[in-house]
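One structure is given below, encoded as C-alpha cells.
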Amino acid sequence: MTSVAQPPPSPTELTAIQVTMSDPRVRPLLRELGDEYSTRYGKDAHAELARYPDEEFTASHGGVLLLLLEHGEPVAGGAFRRYDETTAELKRIWTHSAQRRRGLARRVVAELEREASARGYRRIYLTTGPRQPEARGLYLTTGYTPLFDTEADPETIGPLPFEKRLPAAPHQGEAADR
C-alpha cells in the first residue's frame with residue numbers, strides 16, 4: 001500500500017474563536033508559553049503570564065483572547081489588552097509546538113489586528129523577548145515597525161518593542177455602499 005502525503009489543512013479549515021482565560025482550551029497555550037519562556041530566559045516565566053489580570057483580555061476591559069481551532073483542538077492563539085485609548089497591546093502569541101511552520105502565528109496576528117481595528121483601536125504595540133528571533137521575524141515581515149535599533153545585539157536592548165498603525169475600520173453600512 002502506497003502512502004500519499006496529505007496537504008496541510010487550508011486556512012479555511014481553521015476556526016477563530018474568542019475565549020476567556022478560564023476556558024480549558026487555553027491551558028496548552030499557557031503551559032507551552034510558560035515552558036518556552038522559562039527555557040529561553042532561565043527563570044520561571046509563569047509569573048510573566050500572571051502579570052496581567054485575566055479580565056484585561058476580555059471585551060469589557062478592551063481586550064480579547066482568541067484561539068485558532070483545527071478539528072476542535074487549539075493549534076494557535078493570542079490576545080490583546082488595552083494599552084491606551086487608541087492602542088491595543090498584543091500578548092501571548094502562541095503556536096502549538098506540534099503545529100509550527102504553518103503560518104498560524106501570522107493568522108493569529110491578522111485576526112487580532114482585525115478585531116482591534118473593529119473595536120476602534122488605531123495602533124498595535126507589542127514587545128517580544130530578545131531570545132525570540134522567530135517572533136522578531138514575524139513582526140518585521142507582517143509590517144510592524146521596530147522601535148529599537150535592529151542592528152544592535154538584541155541582548156543589549158531587553159524587550160524588543162514594535163508598533164503598527166491600523167487602518168480605520170469601515171463604518172456601519174459603509175461596506176454595503178461599495
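This is a predicted model, so every value here is computed, not measured.
- Side chain of S38 to backbone of G34: a donor-acceptor contact under 3.5 angstrom is found.
- The shortest distance between side-chain heavy atoms of V109 and I124 does not fall below 4.5 Å.
- Between the side chain of H61 and the backbone N or O of G63 there is no donor-acceptor pair closer than 3.5 Å.
- E13 has no carboxylate O lying under 4.0 Å from a charged side-chain N of R102, or vice versa, which leaves the two without a salt bridge.
- Residues P74 and V26 fail the side-chain proximity criterion, which asks for heavy atoms closer than 4.5 Å.
- Atom CD of residue E113 and atom NZ of residue K164 lie 3.5 Å apart, to the nearest 0.5 angstrom.
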Which donor-acceptor pairs under 3.5 Å do side chains of residues 150-161 form with protein atoms, sequence neighbours excluded?
| unit_1 | atom_1 | unit_2 | atom_2 | d |
| --- | --- | --- | --- | --- |
| D153 | OD1 | E155 | N | 3.0 |
| E155 | OE2 | R131 | NE | 2.8 |
| T156 | OG1 | D153 | O | 2.6 |

Walk me through whether L104 and L14 qualify under side-chain contact (heavy atoms from CB on, under 4.5 Å). CA-CA 9 Å; L104 297 173; L14 297 171; 3.4 Å; yes

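- Contact check for E115 versus Q18: side-chain heavy atoms found under the 4.5 Å cut-off.
- Each of Y52 and Y83 belongs to its own hydrophobic cluster when Ile, Leu, Val, Met, Phe, Trp and Tyr are linked at side-chain heavy-atom distances under 4.5 angstrom.
- Remark: L126 CG to L147 CG distance equals 9.0 Å, nearest 0.5 Å.
- Across all non-hydrogen atoms, the minimal contact from A79 to L112 is N-CD1, 3.7 Å.
- Every residue meeting the ring pair (Phe, Tyr, Trp, His ring centres under 6.0 Å) condition with Y121, not counting sequence neighbours, appears here in chain and number order: F80.
- For the atom pair OG1 of T58 and CZ of R82, the computed distance is 12.0 Å after rounding to the nearest 0.5 Å.
- Annotation: the span from S117 atom OG to R123 atom CZ amounts to 15.0 Å, rounded to 0.5 Å.
- Counting heavy atoms from C-beta outward, L30 and R92 have side chains that approach closer than 4.5 Å.
- We find the CZ-CG distance between R27 and L29 to be 12.5 Å, quoted to the nearest 0.5 Å.
- At a threshold of 4.5 Å between non-hydrogen side-chain atoms, the residues D54 and T20 do not count as touching.
- Taking each heavy atom of T128 and A135 in turn, the nearest pair found is OG1-CB, 3.3 Å.
- Judged by distance alone, the side chain of Q99 and the main-chain N or O of A76 form no donor-acceptor pair under 3.5 Å.
- Closest approach of P167 to R122, counting heavy atoms only: O-NH1, 3.6 Å.
- Inter-residue side-chain proximity for R107 and L68 is flagged as met; some heavy-atom pair is nearer than 4.5 Å.
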Test side-chain contact (heavy atoms from CB on, under 4.5 Å) on Y41 and Q132 and set out the steps. CA-CA 10 Å; Y41 299 103; Q132 295 173 265; 3.2 Å; yes

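- In this structure, L66 and E111 approach most closely via the heavy-atom pair CD2-CB, 3.8 Å.
- The minimum heavy-atom distance linking R25 with L69 is given by the pair NH1-CD1, 3.8 Å.
- Interatomic distance, CZ of R165 versus OG1 of T87, reported as 7.0 Å (0.5 Å rounding).
- Side-chain contact between Y125 and D84 is absent, with no heavy-atom pair separated by less than 4.5 Å.
- For R119 (side chain) and G62 (main-chain N/O), no donor-acceptor pair under 3.5 Å exists by modelled atom type.
- The ring pair (Phe, Tyr, Trp, His ring centres under 6.0 Å) test applied to F162 returns Y139, F148, not counting sequence neighbours.
- Counting all heavy atoms, side chain and backbone alike, A105 lies closest to I93 at CB-CG2, 4.4 Å.
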